[in-house]
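Convention: sequence-line order gives letters A, B, ...; per-chain numbering from 1. Every value quoted in this text rests on a predicted model; they were computed, and no experiment measured them.
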Amino acid sequence: MNSDEISGIVFDCDYIVEGNKPLVRVFVKDAKTKQNIVLHDSSFCPYFYVVPYLYLTDEQAFLLKKKIELFEHDDISGTLKVKSVKEEEKTMGLQKRRVFRVECFIPKEVPLLKAHLEKEEEIEGFREYDILFYKRYLIDRNIELFRQMHFKVHHEKKTGRFFVDSIKADKNSPLVDFSLFRWLAFDLETIEESGKTKIIFASIVDSSGCKTVITCYRNGYEHAVVVEDEKSIIEKMGEIIKKQNPDFILTYNGDNFDFNVLEDRAKTFGIKLQWSSIGENFTYFSKGARKKAQCFGLVHIDIYKFVFSIMRGTIKSETLKLNNIAKELLGDEKKDVSYSDISHAWRTKTNLSKIADYCVHDSVLTLKLGEHIFANLSSLSNLVCQLPFDTCRASYGTLVEAFAIRKAHEKNIIVPNKPSNEEMVKRKQKGMFKGAFVYSPKVGLKKNIALFDFRSLYPSIIITHNIDIDTINCKCCLKTAKKKNKVPDYDFYFCQKQKGFIPSILEEIIFLRVKIKKIIKETRDTKMLKKLDAQQYALKIVANAFYGYMGFAGSRFYDYRAAVSTTSFGRHYIHKVIEEAKEEGFRVVYGDTDSVFLSLPKKNMKKINKFLDHINNSLPGIMDLEYEGFFTKGLFAQKKHGEGGAKKRYALVDENGNIIIKGFEKVRRDWSVLARQTQEKVLELLLSDKTEEAKNYVRDVIDKLKTKKVPIEELVINTNLKKSISSYEQMAPHVMAVKKAIARGMKFKGGQNIAYVVTAKGKSISDKAQLAEFANDYDSQYYINNQIIPVVSRIFEAVGVQELSLTDNSKQKNIFEY
DNA sequence: AACTGTGGCCGTGGCC
DNA sequence: GGCCACGGCCAC
């Protein structure tokens with residue numbers, strides 16, 4: 001056997017079972033040759049922890065260990081045995097505990113063994129029995145995803161396999177580039193025929209320049225690969241993909257759509273989706289409503305999933321459809337073809353080249369999006385030690401959990417278990433906990449606003465006050481911390497001697513982020529900058545999600561008291577800043593959670609810096625108030641219902657004249673484009689003192705609506721159908737529009753975007769609502785009274801323009817009357 | 001459908 | 001006409 005060294009990048013991992021032994025398979029791209037290699041590791045076995053009761057004597061513990069070692073259970077599937085038991089010392093909470101690491105032969109025996117041992121009286125509990133085997137491997141072997149790793153391997157002649165002897169990560173090497181890998185995106189166009197979804201076009205685009213569309217219609221498209229039938233389309237796809245030999249397969253919603261169709265059609269025709277160069281098939285899992293298409297060594301990245309769960313908060317477009325996302329992120333637009341266009345073209349066999357073109361374009365966009373998100377995806381994968389396959393499908397909760405588990409292993413800490421269903425119900429029954437403070441603004445236009453906010457408020461609080469499950473009301477600080485580290489609104493305090501696990505790992509994140517930000521400042525190389533920026537961004541989103549994770553009922557680190565303490569300190573600090581600002585003679589205009597808006601007679605940096613220093617000198621730990629910037633104007637509108645100014649809705653003008661709009665209809669995707677644009681324009685004009693122009697602009701819009709000169713597209717209202725149609729109590733417009741569409745034979749799922757128009761026909765607004773595709777006209781009155789007037793009058797009133805100020809008419813009229 | 005959290009606004013339907 | 005629950009989306 002000759003020993004060898006391989007340096008490469010890990011981007012996939014799974015395991016197989018051979019002869020009752022698990023064999024981990026690590027998919028590695030050799031950095032030099034760019035060839036992929038499957039490395040096998042037979043040295044790793046599944047395990048979980050048994051926690052014996054603390055009161056057990058050494059002898060009792062020894063007997064328990066023996067009992068577990070000798071455990072044997074026979075049933076029809078064979079004999080269940082323990083491979084080995086090792087005594088270890090691990091940290092649980094802040095305590096060192098004796099635990100038994102119970103090693104099993106194969107992964108699926110872990111839950112079985114645990115179930116059998118549950119009846120043993122000497123056992124207090126079980127830990128880490130639900131961490132998937134391949135994830136366990138990545139963590140325990142310190143795999144650094146998307147970073148150079150060094151493997152000592154040996155070649156086994158008999159099987160031709162490479163076996164791993166040792167692994168070393170090169171922690172200082174940068175994360176790799178997109179261009180290291182081969183990427184392939186595909187997209188399907190389908191039609192509904194006799195109750196089945198059938199494939200009519202399939203496009204394939206890859207990073208080596210391949211651009212193909214496959215169809216079985218002969219005169220479809222001059223560049224098309226024309227095959228016999230639908231079955232051949234799928235076979236041809238497999239053939240091309242296999243030949244192109246990509247590392248990653250990219251789709252946009254492939255988990256729920258493309259692979260769903262492919263799986264069904266392939267089954268019908270008796271074909272396997274064997275696209276991988278190493279002979280693996282795609283498997284399609286559905287766990288409840290969640291579906292995934294996966295193939296070892298051919299990593300399927302569903303970009304829609306990543307956009308939905310991770311990027312949604314930063315996306316502004318009305319829907320998360322490919323064309324919108326591509327437009328927003330890439331500045332590219334999808335060709336505009338609707339489903340009815342496709343089926344019409346297919347039925348009449350006209351304009352087929354347009355569909356083919358559109359199909360290819362979708363793959364092109366998907367590939368481009370893949371490149372766009374790669375830095376973020378790879379940084380996150382690396383940070384939380386999860387395969388890119390899992391990272392692109394993960395929620396924030398999953399990411400935080402994965403990161404915590406990884407860090408726990410590093411620190412020899414055993415992680416708490418996931419809550420049982422009953423426990424989760426109990427946690428949820430506690431109800432919502434008190435959150436942040438929001439300052440009620442006064443209505444009007446304010447000048448010269450200095451904006452301050454706390455840098456990462458909640459993470460800073462958790463670190464500074466050592467907020468954790470294990471540090472709460474400790475015995476060691478009973479006398480001191482009770483005074484010095486007490487939660488403002490509650491009766492508990494946190495330990496000041498021993499750092500909790502969560503504060504300590506959060507601190508690592510914050511420090512690392514500061515370090516990366518420093519490097520960013522010194523970096524010129526744009527490629528490198530993008531990577532570093534993605535890394536600091538990954539750290540930021542994981543850090544910010546920790547507080548929510550502690551208050552999340554499904555969390556391993558749930559603690560109600562920790563969550564309420566965090567927000568309690570938050571309220572305390574923002575109130576403190578507000579009080580001190582008042583004392584220093586500033587006028588407090590507004591503030592939300594971690595920010596304060598202070599107005600000054602004029603811009604005065606000396607005063608601003610003095611205030612900042614004054615505050616920061618009195619703040620403990622890593623708490624840090626930052627100066628965000630100066631704004632020449634700030635507009636706060638009257639609340640529609642109730643007294644005072646509306647919170648979470650304002651507009652600011654920065655020193656360069658840019659307008660920043662928060663909360664108003666302009667930024668809400670459930671308002672018509674016309675209403676949003678009109679409000680934006682009015683804001684723009686009023687903030688530059690062009691009152692008359694603003695009035696005229698609105699009159700003009702109203703006039704256009706009255707004379708039906710506004711194109712219907714600008715009047716479409718987008719709303720999400722959040723649940724299945726039957727579970728709605730109230731018949732809101734979008735729900736009624738859907739009901740009417742269902743009557744026409746359309747189908748809807750929860751989570752779908754509904755685009756509707758309020759038409760002229762009907763009594764109530766819901767009566768009038770029709771899906772955009774069925775609407776031929778619109779109700780001008782509705783759009784004037786319910787979309788335009790309310791959104792602009794808030795703004796006019798805020799700057800002090802009374803509605804009744806039109807004098808060009810004999811009668812005194814509302815400026816917007818018509 | 002959406003499983004990181006709470007605070008908040010506002011339109012609409014539906015009840016009184 | 002007034003009030004409130006439902007429902008969706010946004011700020012942080």
Legend entry - With A:Phe259 via ring pair (Phe, Tyr, Trp, His ring centres under 6.0 Å) - residues at least two apart: A:Phe186, A:Trp275, A:Phe282, A:His300

Inset, instruction - Kindly state which residues belonging to residues 719-731 of chain A come within less than 4.0 angstrom of DNA chain C, counting heavy atoms of the residue only, listed by number. - result: A:Thr719, A:Asn720, A:Lys722, A:Lys723, A:Tyr728, A:Glu729, A:Gln730

Legend entry - Cationic N near anionic O, under 4.0 Å, A:Lys305 to A:Asp255: yes

Inset, instruction - With heavy atoms under 4.0 Å as the rule, sort A:Val735 into base, sugar-phosphate or nothing. - result: nothing

Inset, instruction - Under the ring pair (Phe, Tyr, Trp, His ring centres under 6.0 Å) rule, collect the residues that match up with A:Phe306, sequence neighbours excluded. - result: none

Inset, instruction - Using ring pair (Phe, Tyr, Trp, His ring centres under 6.0 Å) as the criterion, list what pairs up with A:Phe586, not counting sequence neighbours. - result: A:Phe611

Legend entry - is_close_aromatic(A:Tyr304, A:Phe257), centroid dist under 6.0 Å: no

Inset, instruction - Sort and list the pairs that fulfil salt bridge (Lys or Arg N to Asp or Glu O under 4.0 Å) and have at least one residue in residues 455-472 of chain A, not counting sequence neighbours. - result: A:Arg455-A:Asp624

Inset, instruction - Describe the nucleic acid contact of A:Asn753 in one word from base, sugar-phosphate, nothing, applying a heavy-atom distance below 4.0 Å. - result: nothing

Inset, instruction - Take A:Phe546 and A:Gln787, find for each the nucleotide of DNA chain B with the closest heavy atom, and name the residue whose nucleotide sits nearer the 5' end. - result: A:Phe546

Inset, instruction - Measure from NZ or CZ of A:Arg312 to the centre of the six-membered ring of A:Phe308 and say whether it is under 6.0 Å with the direction within 45° of the ring axis. - result: yes

Inset, instruction - Write out all pairs satisfying salt bridge (Lys or Arg N to Asp or Glu O under 4.0 Å) with one or both partners inside residues 712-723 of chain A, taking only residues at least two apart or from two chains. - result: none

Inset, instruction - Look at all strands and tell whether A:Ser309 reaches a base, only sugar-phosphate, or nothing, counting heavy atoms closer than 4.0 Å. - result: nothing

Legend entry - Pair A:Asp592 + A:Lys648: basic N to acidic O under 4.0 Å: yes

Legend entry - A:Tyr627: ring pair (Phe, Tyr, Trp, His ring centres under 6.0 Å) partners, not counting sequence neighbours: A:Phe452

Inset, instruction - Decide if atom NZ of A:Lys540 counts as having more than 12 heavy atoms of other residues, nucleotides or ligands within a radius under 6.0 Å. - result: no

Legend entry - Salt bridge present between A:Glu401 and A:Arg556 (N-O < 4.0 angstrom): yes

Enumerate donor-acceptor pairs with a distance under 3.5 Å from any side-chain N or O in residues 571-580 of chain A to protein atoms, sequence neighbours excluded.
from, atom 1, to, atom 2, distance (Å)
A:Arg571, NH1, A:Gly435, O, 2.6
A:Arg571, NH2, A:Asp489, OD2, 2.8
A:Tyr573, OH, A:His465, NE2, 2.6
A:His575, ND1, A:Arg571, O, 3.0
A:Lys576, NZ, A:Ser618, OG, 3.4
A:Glu580, OE1, A:His614, NE2, 2.5

Legend entry - Nucleotide interval of DNA chain C bounded by contacts with chain A (heavy-atom cut-off, under 4.0 Å): C:dA5 to C:dC12

Inset, instruction - Could you please name the option among B:dT12, B:dT6, B:dC10 that lies closest to any side-chain atom of A:Lys639? - result: B:dC10

Inset, instruction - Describe, in one word, how the ring planes of A:Phe557 and A:Tyr549 are oriented to each other, choosing from parallel (under 30°), tilted (30 to 60°) and perpendicular (over 60°). - result: tilted

Legend entry - Sidechain-backbone polar pair: A:Thr719 side chain, A:Ile754 backbone, donor-acceptor under 3.5 Å: no

Inset, instruction - Could you identify which residues of residues 393-407 of chain A place a heavy atom less than 4.0 Å from some atom of DNA chain C, listed by residue number, or say none? - result: none

Legend entry - Selection: residues 640-654 of chain A, any non-hydrogen atom under 4.0 Å of DNA chain B: A:Lys640, A:His641, A:Lys647, A:Lys648, A:Arg649

Legend entry - Interface with DNA chain B, restricted to residues 557-568 of chain A and to heavy atoms under 4.0 Å: none

